[in-house]
Amino acid sequence: MSSPTAAESAHHRADPQATRALDAVRRVRRSAPPAGWYLPEVAAGTAELDAFDVIEDLPLEGGPRLDVLTTRALWGSACGAWISAAMRARWLCERLETHWRAHGCPAYAQFDNDSRFQGTHTHPDVLGQVIRFCLLLGVTPVFAPAREHGPQNLNESFNHLWQQKVWHRFHHASALAFQARSDRFVAALPATTGGAEDHAPGRRPFPKRWTLDLHQRPRGMVIYLRRTDEFGAIRVLGHRLEVDAQWVHRLVRAEVDLEAQQIRCYRLCRRAPDEQPLVRTIKYVFQKNSFIRPDLELLTPRF
């Protein structure tokens, strides 16, 4: 490959993220944005995020196929893995409660778009049990872009290590033996993280005498990371929202603020993770009956 031209060298000096040409067409490799870059507090290291994921369809010999709920903290050492043959929303809430009682509540909890986490996809304006559970504890749920890896890769290394050290290494006579082996792995893992907990953001203690009331009106904020379509629109809570006609097939952070009764939409760009301008604000009134369509009204002009 020929050496870079003077113009390319100047471009690389001007752009610290550009490192080198990859091939004959001189595609440029840029540094990855910081972990959690799409949430400014998390990227700055001032707020903790617990990422949750599901490893599906592990066949137990002579038994059912099992799913595994996994979690790891972005900055700290908290992690977990729980096995179930029927992973329902109530069971998920119980696992989150057990984990957060032991480690404290993070500022954010990130999930994929599985209906077990998000709630039903067949009706608009529905907040599922897991979302309500998080909001009642003051934890902001974050949903990764649909059908994309990106943010959900936070769990990739933990999932790979768990499968290597627990699932593939041992024969599991039963689901109970499988869970016991997993628990031993999870308990031992923080000792190998090199003091990550010392530099991690603080976690709030789990409230005393707390009970789950799914009928209580939800308060707080739910965040959806979405990619716009060819018209610069996204879908949130079953609604198509026109965000930015100049920002097509690009990432957006939609903050559904239930107390301010609005949805704020921010541009996101991996090449410029510090630049996240607000491009549209939409009025959103969440009704007590989650199956009633709320009013949607433009507050700020379209960009």
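Computed from a predicted model, the values in this text were never measured in an experiment.
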Between Arg132 and Pro218 the two heavy atoms that sit nearest each other are NH1-CD, 3.6 Å

For Phe206, the ring pair (Phe, Tyr, Trp, His ring centres under 6.0 Å) test, sequence neighbours excluded, returns Trp210

Can you tell me if Glu48 uses its side chain to pair, donor with acceptor, with the backbone of Leu74 under 3.5 Å? yes

Worked verdict on Arg240 versus Asp229 for salt bridge (charged side-chain N to carboxylate O under 4.0 Å, His left out): CA-CA 10 Å; Arg240 184 179 182 274; Asp229 61 19; 3.6 Å; yes

Minimal heavy-atom distance between Ala177 and Ala173, with the atoms involved, is CB-N, 4.3 Å

Exercise for the section: For the residue pair Phe143 and Tyr224, categorise the inter-ring angle as parallel (less than 30°), tilted (30 to 60°) or perpendicular (more than 60°). Expected result: parallel

- prompt: Does the side chain of Val256 reach to within under 4.5 Å of the side chain of Ile223, using non-hydrogen atoms?
  reply: no

- Report yes if the side chains of Pro33 and Arg271 come closer than 4.5 Å at any heavy-atom pair, otherwise no. no

Would you say the side chain of Leu66 lies within less than 4.5 Å of the side chain of Ser84, judging by non-hydrogen atoms?
no

Residue set satisfying ring pair (Phe, Tyr, Trp, His ring centres under 6.0 Å) with Phe178, at least two apart, ordered chain then number -> Trp162, Trp167, His172

Check your understanding: Is there a path of hydrophobic side-chain contacts, each under 4.5 Å between heavy atoms of I, L, V, M, F, W or Y residues, that connects Val248 with Val236?
Key -> no

Taking atom CD of Glu230 as the centre, report whether more than 12 heavy atoms of other residues, nucleotides or ligands fall under 6.0 Å from it.
yes

Exactly one candidate in Val186, Leu69, Leu96, Leu92 meets side-chain contact (heavy atoms from CB on, under 4.5 Å) with Trp82; the answer is Leu69

Nearest heavy-atom contact between His99 and Thr71 is NE2-CG2, 3.8 Å

Notebook entry, point to check: Is the closest side-chain heavy-atom distance between Phe158 and Cys79 below 4.5 Å?
Noted result: yes

Could you tell me how the ring of Phe111 sits relative to the ring of Phe52: parallel (under 30°), tilted (30 to 60°) or perpendicular (over 60°)? parallel

**Asked** In terms of heavy-atom contacts, does CD of Glu41 have more than 12 from other residues, nucleotides or ligands at under 6.0 Å?
**Response** no

Quick note, side chain to side chain donor-acceptor pair (under 3.5 Å) partners involving residues 250-259, not counting sequence neighbours, are Arg253-Glu255, Arg253-Gln276, Glu255-Arg264, Asp257-Arg264

Rounding to 0.5 Å, atoms CD (Gln164) and CG (Asn159) come to a distance of 12.5 Å

Worksheet entry | Any Arg204 side-chain heavy atom under 4.5 Å of Val139 side chain | yes

Exactly one candidate in Thr70, Asp50, Asp53 meets side chain to side chain donor-acceptor pair (under 3.5 Å) with Asn155; the answer is Thr70

For His249, I'd like to know if atom NE2 has over 12 heavy atoms of other residues, nucleotides or ligands within 6.0 Å. yes

- [ ] Would you confirm whether Arg217, through its side chain, and Phe286, through its main-chain N or O, come within 3.5 Å as a donor-acceptor pair?
- [x] yes

Next on the checklist: In the structure I gave you, are the side-chain heavy atoms of Val252 and Leu225 within less than 4.5 Å of one another anywhere?
Outcome noted: no

Value for NE2 (His160) from NE2 (His168), rounded to nearest 0.5 Å, stands at 8.0 Å

Residue pairs passing the side chain to side chain donor-acceptor pair (under 3.5 Å) test with at least one member in residues 85-98, sequence neighbours excluded, are Glu97-Arg101

*asked:* Any non-hydrogen side-chain atom of Cys105 less than 4.5 Å from a side-chain atom of Arg203?
replied: no

For Pro34 and Ala43 the tightest heavy-atom approach is CG-CB, 4.4 Å

Practice problem: Please examine the side chains of His239 and Asp125, heavy atoms only from C-beta on, and report whether any two atoms are closer than 4.5 Å. | Solution: yes

All heavy atoms of Ala146 vs all of Arg226, minimum pair found to be N-NH1, 4.1 Å

Interatomic distance, CG@Asp213 vs CZ@Phe133, rounded to 0.5 Å, equals 13.0 Å

Test side-chain contact (heavy atoms from CB on, under 4.5 Å) applied to Ile234 and Arg227, step by step: CA-CA 7 Å; Ile234 60 174; Arg227 188 171 295 277; over 6 Å; no

CD1 (Ile131) and CG (Leu214) are apart, to the nearest 0.5 Å, by 12.0 Å

For Trp37, the ring pair (Phe, Tyr, Trp, His ring centres under 6.0 Å) test, sequence neighbours excluded, returns none

Taken in chain and number order and not counting sequence neighbours, the residues that satisfy salt bridge (charged side-chain N to carboxylate O under 4.0 Å, His left out) with Asp114 are Arg116

Within 45° of the six-membered ring axis of Phe170 and under 6.0 Å from that ring's centre, is NZ or CZ of Arg181 located there?
yes

message = Determine whether Ile263 and Thr281 satisfy the following criterion, side-chain contact (heavy atoms from CB on, under 4.5 Å), listing intermediate values before the conclusion.
response = CA-CA 6 Å; Ile263 301 175; Thr281 302; over 6 Å; no

dist Cys265:SG -> Leu278:CG (nearest 0.5 Å) comes out at 8.0 Å

| said: For Leu136 and Leu212: C-alpha separation, side-chain torsions, deciding distance, then whether side-chain contact (heavy atoms from CB on, under 4.5 Å) applies. | reply: CA-CA 8 Å; Leu136 287 170; Leu212 176 60; 3.7 Å; yes

Worksheet item: Yes or no on side-chain contact (heavy atoms from CB on, under 4.5 Å) for Phe117 and Cys134, after CA distance, side-chain angles and deciding distance?
Response: CA-CA 11 Å; Phe117 296 125; Cys134 292; over 6 Å; no

Taken to the nearest 0.5 Å, the spacing of Leu127 CG from Leu258 CG works out to 6.0 Å

Looking only at heavy atoms, the pair that brings Ala81 and Gln179 closest together is O-NE2, 3.1 Å

